[in-house]
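Please read all numbers here as calculations on a predicted model, not as lab measurements. Naming: A, B, ... by sequence-line order, numbering from 1 per chain. Side chains are part of it too, since the values below use all heavy atoms of this structure and drop only hydrogens, waters and symmetry mates.
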Protein chains: 2
Amino acid sequence: MPFPVHPPTHAECTGAMRSVRDALDLLGGKWKLPIIVGLSNGPQRFKQLQREVVGITAKMLSKELKELEINGLLTRHVQADTVPVAVTYTLASYGKTLFPVIEALHQWGQQHRTHIMHPGAAAMLEEAAG
Amino acid sequence: MPFPVHPPTHAECTGAMRSVRDALDLLGGKWKLPIIVGLSNGPQRFKQLQREVVGITAKMLSKELKELEINGLLTRHVQADTVPVAVTYTLASYGKTLFPVIEALHQWGQQHRTHIMHPGAAAMLEEAAG
DNA sequence: CCGTATCCTCATCGATACTG
DNA sequence: CAGTATCGATGAGGATACGG
């Protein structure tokens, strides 16, 4: 088993599609992206992060953070000598390698909104292109 | 409502995250990517496509194709003068604008596999970076 | 503060049978 | 061939209560 980290929620893929699926699954779900964005402005403690990621429950935040940590995207640091304990999550430099990917998604998604709202121009281009 | 096309499966997002979510949702799910890949080698009829996208049921293929068509990623052409009717699906040139995005996901996903299998080097880099 | 445990709802997807 | 209709399983995610 070459890729034990992520649970195979989707069908097995062959060749190049496997890695696309991996990246998609890593960014997929409801909360992964907001969490990464929330941490992109600097380290956050659990409660801070929960306030930033509006609507997330402690259960989901805990679960998602665990997955992201296992994948090396963020690090978890426990300050044990305080009461109560303070836990800080930091976006790893490896996690920041996702930024170009997210940016690519952002660019496409943004133009897609305008594309959907002005389908006429696109249709004419389609027609011209055959 | 600025974006009526895609069902809002996920929480509303603010600012830049909306468009990332849009792109992610469009590519997300189990079958969208395999279908796009299957059509990237040229037009396909329904049954052909179902053979190419291994494991998909007619129900899912029909549903996914409808969504992709609504989003302008592919076109549906009906040859009504044959018995039985022939329906051909073609990846629109607009659909091909997704290729760079998919390529970005592919690149990251591929290096992630090697990253996960050689975490030592990454850990050392992390440590040095602080 | 930082989570975990339990129960619950709902969307997604699969299997199967059926129609034009 | 190209789908649709129906039923059922599965799992992501939410609500709430509780523990360290």
Next item on the list: Start with the C-alpha distance between Lys63(A) and Met60(A), add both sets of side-chain angles, then the distance that settles side chain to side chain contact (heavy atoms under 4.5 Å, CB included), and finish with yes or no.
Entry: CA-CA 5 Å; Lys63(A) 173 173 162 272; Met60(A) 287 310 294; 3.9 Å; yes
Notebook entry, point to check: Do we see a donor-acceptor contact under 3.5 Å between the side chains of Gln48(B) and Glu52(B)?
Noted result: no
Item checked: Whole-Å distance separating the CZ atom of Arg76(B) from the C1' atom of dC1(D) -> 12 Å
Next item on the list: Could you check which residues of residues 36-48 of chain B get a heavy atom under 4.0 Å from DNA chain D? Sort them by number, please.
Entry: Arg45(B), Phe46(B), Lys47(B)
Margin query: Tell me the interatomic distance from Gln50(A), atom CD, to dG13(D), atom P, rounded to whole angstroms.
Written below: 16 Å
Note to self: With a 4.0 Å limit, can you tell me whether Tyr89(B) has a side-chain N or O closer than that to the phosphate oxygens OP1/OP2 of dG3(D)?
What the structure shows: yes
Margin query: Measuring to OP1 and OP2 of dA2(D), would you say a side-chain N or O of Ser62(B) lies under 4.0 angstrom away?
Written below: no
Check: How close or far is atom P of dG3(C) from atom CD of Gln79(A), stated in whole angstroms?
Finding: 14 Å
Notebook entry, point to check: Quick one: do Arg18(B) and Asp22(B) make a salt bridge, cutoff under 4.0 Å?
Noted result: no
Note to self: Between Gln107(B) and Gln111(B), is there a side-chain donor-acceptor contact under 3.5 Å, judged purely by atom types and distance?
What the structure shows: no
Note to self: If I take atom CD1 in residue Ile56(B) and atom C1' in nucleotide dA2(D), what distance separates them, rounded to the nearest angstrom?
What the structure shows: 14 Å
Next item on the list: Could you tell me the separation between the NZ atom of Lys63(B) and the P atom of dC13(C), rounded to a whole number of Å?
Entry: 5 Å
Notebook entry, point to check: Going from CH2 on Trp31(A) to CG on Leu68(A), what distance comes out if it is rounded to the nearest 0.5 angstrom?
Noted result: 13.5 Å
Next item on the list: Could you tell me the separation between the CD atom of Glu64(B) and the P atom of dT12(C), rounded to a whole number of Å?
Entry: 10 Å
Margin query: What's the closest nucleotide to the side chain of Lys66(B) if the choices are dG13(D), dC2(C), dT4(D)?
Written below: dT4(D)
Margin query: Is it the case that the base of dG14(C) and the side chain of Lys59(B) share a donor-acceptor contact (distance under 3.5 Å, atom types as modelled)?
Written below: yes
Notebook entry, point to check: 5'-most contact on DNA chain D: Ala58(A) or Gly55(A), nearest heavy atom basis?
Noted result: Gly55(A)
Notebook entry, point to check: Could you state the CD-P distance from Glu67(B) to dA11(C), rounded to the nearest angstrom?
Noted result: 14 Å
Notebook entry, point to check: Under 3.5 Å, is there a donor-acceptor pair between the Asn71(A) and His112(B) side chains?
Noted result: yes
Notebook entry, point to check: For Arg51(B) and dG3(D), what is the distance between atoms CZ and C1' respectively, to the nearest whole Å?
Noted result: 15 Å
Check: Please walk me through it: do Phe46(A) and Thr88(A) pass side chain to side chain contact (heavy atoms under 4.5 Å, CB included)?
Finding: CA-CA 7 Å; Phe46(A) 189 89; Thr88(A) 305; over 6 Å; no
Notebook entry, point to check: Where the side chain of Val87(B) is concerned, which of dG13(D), dG14(C), dG3(D) is the nearest nucleotide?
Noted result: dG3(D)
